[in-house]
Amino acid sequence: MDPSRAGTGCPVSRIAAEFDPFGDAYQHDPAALLAAARAEEPVFYSPELDHWVVTRYRDVKEFFRDTKRFSASNALEPITPLGEKARARLAEYDFAPGPVLVNEDEPVHMRRRKRLAPPLAAEEVAKLEGRIRDLVTSYVDAFVTRGTADLIDDLLWEVPAIVGLLVCGVPDEDIDRARHYTIKMGMFTWGKPTEEHQVEIADQVGQWWRLSGQLVDRLKREGGQGWVPTAIDVHRDDPELVDDNHLQNMMMSGLVAAHETTTNATANALRFLLSQRNSWEELCADPALIPNAVEECLRFRASVQCWRRKALVDVEVEGVTIPAGSRVLLVIGSGNHDETVFDNPQELDIHRPNAKRHLAFGMGAHACIGAPLARLEMRIILEELTRRLPHMRLVEGQDFGYLHNASFHGPRHLRVEWEPADNPVDA
């Protein structure tokens with residue numbers, strides 16, 4: 001047990017002892033698993049994780065905003081420490097992770113964010129709508145007359161990867177090569193993989209790290225447009241603010257941030273909208289409802305269920321003292337189902353008036369700068385699928401296969417079926 005627990009009320013409570021973010025119940029419905037915690041013990045110490053777990057909306061929001069008492073430095077650390085073999089495999093690739101926007105503190109964080117964020121502003125991202133829609137259309141064209149699809153394999157895994165590479169500034173001729181290096185970082189950062197699996201993931205991380213360096217070198221030589229080319233311009237202007245290591249980490253983390261999370265968010269949205277047929281049919285009849293439906297789906301089942309902070313000082317919250325130096329787990333998915341903020345939070349309501357108050361993209365100085373891009377992709381995908389396959393339905397009895405980890409939450413498979421003869425004429 002963490003020595004910081006000394007004197008804080010041992011033995012560990014039932015809620016804390018039973019909390020298992022790697023177990024089946026959490027994967028099935030994280031918010032429901034923590035309902036008792038929100039009501040009875042909103043802040044507790046988890047011996048399983050050696051983290052303090054925060055479950056209520058107001059506290060999660062405040063901890064995100066409070067950069068003076070909480071550090072973001074541990075946001076990307078593997079929640080299950082890497083073993084010696086995995087560390088050795090990463091060393092073979094000269095893997096050198098460094099701080100990027102999500103895990104750095106002030107004052108450098110805001111200086112970097114102001115210089116690097118412009119390419120991801122909503123007005124800039126909106127310029128990509130036509131290209132993203134054409135991409136989605138081309139993938140749907142490949143299966144629309146087939147009658148069956150796994151929406152993950154056939155659409156939702158590859159499209160966000162390609163869009164992420166595009167936004168990062170990867171040249172068109174390198175996108176096809178680079179998209180095959182995409183990796184599922186959920187298990188690396190948030191899972192409890194075996195030693196053998198750790199080595200396998202470390203090898204994938206190492207390969208993507210090496211390719212990221214090659215892509216940055218090419219952009220340095222040939223120039224380009226996008227997030228990383230903008231950072232290269234900043235690097236030339238202020239090499240201390242953005243050094244070579246930061247550029248390589250940006251390329252690597254940028255795709256992960258734009259890819260796996262958007263894949264999971266869209267897959268969760270489709271799973272629950274198709275499960276609630278009246279909501280799906282409303283969207284098919286009135287596409288103007290889709291933007292708010294996107295927000296409600298992000299609230300109802302966020303693709304990032306939790307994030308992390310480190311306490312810089314002793315912090316008292318909900319009558320509990322979190323000692324300085326402690327690691328803190330902010331459970332976004334639980335906050336998004338806080339009954340004091342959202343009426344009937346267990347219901348998916350595409351008309352919910354305050355759906356956009358969700359915590360899915362964080363809050364404050366570290367709010368996700370990729371949020372406009374994720375919203376745009378989700379909207380376009382829902383618009384195209386409701387238009388072209390309104391009669392699509394989930395295959396009954398399927399196993400969605402959620403990957404057992406504490407945060408990255410989305411089905412590994414999403415199988416659907418329909419009668420091609422019933423496809424809309426203009427689809």
Side-chain angles (χ1 to χ4, degrees), residues 1-82 102-103 105 186 189-193 302 304-340 359 362-364 366 404-409:
M1 178 175 292
D2 184 347
S4 69
R5 271 295 281 166
T8 59
C10 291
V12 174
S13 71
R14 175 189 59 81
I15 287 174
E18 293 178 357
F19 177 62
D20 178 11
F22 309 115
D24 290 338
Y26 183 88
Q27 306 309 315
H28 175 69
D29 193 341
L33 182 70
L34 287 167
R38 288 193 300 277
E40 304 169 24
E41 193 178 5
V43 179
F44 62 87
Y45 174 78
S46 167
E48 167 73 16
L49 295 181
D50 188 19
H51 279 64
W52 291 82
V53 181
V54 179
T55 64
R56 284 182 180 167
Y57 181 96
R58 67 187 182 194
D59 299 322
V60 174
K61 181 178 178 179
E62 176 61 24
F63 283 26
F64 269 129
R65 290 183 177 277
D66 191 343
T67 59
K68 292 184 178 179
R69 296 189 299 167
F70 294 95
S71 168
S73 59
N74 63 329
L76 298 182
E77 292 177 0
I79 201 164
T80 300
L82 295 180
V102 297
N103 66 335
D105 295 322
T189 308
W190 293 102
K192 195 176 182 181
V304 175
Q305 283 292 309
C306 57
W307 209 243
R308 282 176 290 177
R309 289 293 184 263
K310 181 179 289 186
L312 298 175
V313 297
D314 289 357
V315 179
E316 184 173 340
V317 56
E318 304 286 1
V320 174
T321 297
I322 298 177
S326 297
R327 296 180 294 177
V328 182
L329 193 75
L330 307 178
V331 190
I332 293 166
S334 176
N336 282 343
H337 282 248
D338 192 320
E339 296 81 357
T340 67
L359 300 165
M363 286 280 177
H366 281 88
H404 283 55
N405 75 98
S407 186
F408 279 23
H409 189 75

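- Residues Arg58 and Thr340 are not in side-chain contact: their nearest non-hydrogen atoms beyond the backbone lie 4.5 Å or more apart.
- Here the closest heavy-atom approach between residue Ala31 and residue Gly333 is recorded as CB-O, 3.6 Å.
- The backbone N or O of Ala72 lies less than 3.5 Å from a partner atom in the side chain of Asp105, making a donor-acceptor pair.
- With Tyr45 as reference, Asp50 is the one residue of Val53, Ile322, Val320, Asp50 to meet the side chain to side chain contact (heavy atoms under 4.5 Å, CB included) rule.
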- Item | Worked verdict on Arg309 versus Phe64 for side-chain contact (heavy atoms from CB on, under 4.5 Å) | CA-CA 8 Å; Arg309 289 293 184 263; Phe64 269 129; 3.7 Å; yes
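- Arg56 has no carboxylate O lying under 4.0 Å from a charged side-chain N of Glu62, or vice versa, which leaves the two without a salt bridge.
- Residue Leu33 holds its CG atom at 11.0 Å from CG of Asp24, rounded to the nearest 0.5 Å.
- At least one donor-acceptor pair under 3.5 Å links the side chain of Asp314 to the backbone N or O of Ala324.
- Within the 4.5 Å cutoff, the side chain of Leu49 has heavy atoms near those of the Leu329 side chain.
- Within the 4.5 Å cutoff, the side chain of Ile15 has heavy atoms near those of the Glu40 side chain.
- You'll find the side chain of His366 stays beyond 4.5 Å of the side chain of Trp307, heavy atoms only.
- Note on ring orientation: taking the six-membered ring where Trp is involved, the planes of Phe19 and Phe44 are perpendicular (angle over 60°, cut-offs 30° and 60°).
- In this structure, Arg308 forms a cation-pi arrangement with Trp190, its terminal cationic atom sitting closer than 6.0 Å to the ring centre and no more than 45° off the ring axis.
- Asp29 places a side-chain N or O within 3.5 Å of a backbone atom of Ala32 that can act as its donor or acceptor partner.
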- Run the numbers on Asn74 and Asn103 for side-chain contact (heavy atoms from CB on, under 4.5 Å), then give the verdict. CA-CA 6 Å; Asn74 63 329; Asn103 66 335; over 6 Å; no
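- With His28 contributing its side chain and Tyr26 its backbone, the two residues share no donor-acceptor pair below 3.5 Å.
- Under the 4.5 Å side-chain criterion, counting only non-hydrogen atoms from C-beta, Ile332 is not in contact with Cys306.
- Nearest heavy-atom pair across Leu312 and Thr67 is CD1-O, 4.5 Å.
- A donor-acceptor pair shorter than 3.5 Å cannot be found between the side chains of Ser407 and Gln305.
- In this structure a side-chain-to-backbone donor-acceptor pair under 3.5 Å is missing from Ser71 to Lys310.
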- Message: Determine whether Asn405 and Lys192 satisfy the following criterion, side-chain contact (heavy atoms from CB on, under 4.5 Å), listing intermediate values before the conclusion.
- Response: CA-CA 7 Å; Asn405 75 98; Lys192 195 176 182 181; over 6 Å; no
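- Pairing each heavy atom of Ala311 with each of Pro323, the nearest pair is CB-O, 3.7 Å.
- Looking at heavy atoms from C-beta onward, Val315 lies out of side-chain contact with Trp52 at the 4.5 angstrom threshold.
- A donor-acceptor pair is defined here as one N or O able to donate and one able to accept, closer than 3.5 Å; such a pair exists between the side chain of Thr80 and the backbone of Gly191.
- The shortest distance between side-chain heavy atoms of Pro78 and Thr189 does not fall below 4.5 Å.
- With no hydrogens or angles considered, a side-chain donor-acceptor pair links Arg38 and Ser334 at under 3.5 Å.
- Between the CG atom of Leu359 and the CG atom of Asn336 there is a distance of 5.0 Å, given to the nearest 0.5 Å.
- Inter-residue side-chain proximity for Leu34 and Val331 is flagged as met; some heavy-atom pair is nearer than 4.5 Å.
- Side-chain atoms of Gln27 come within 3.5 Å of backbone atoms of Pro21 as a donor-acceptor pair (strictly under, hydrogens ignored).
- Residues Ala16 and Glu41 approach most closely at N-OE1, 4.4 Å, considering heavy atoms.
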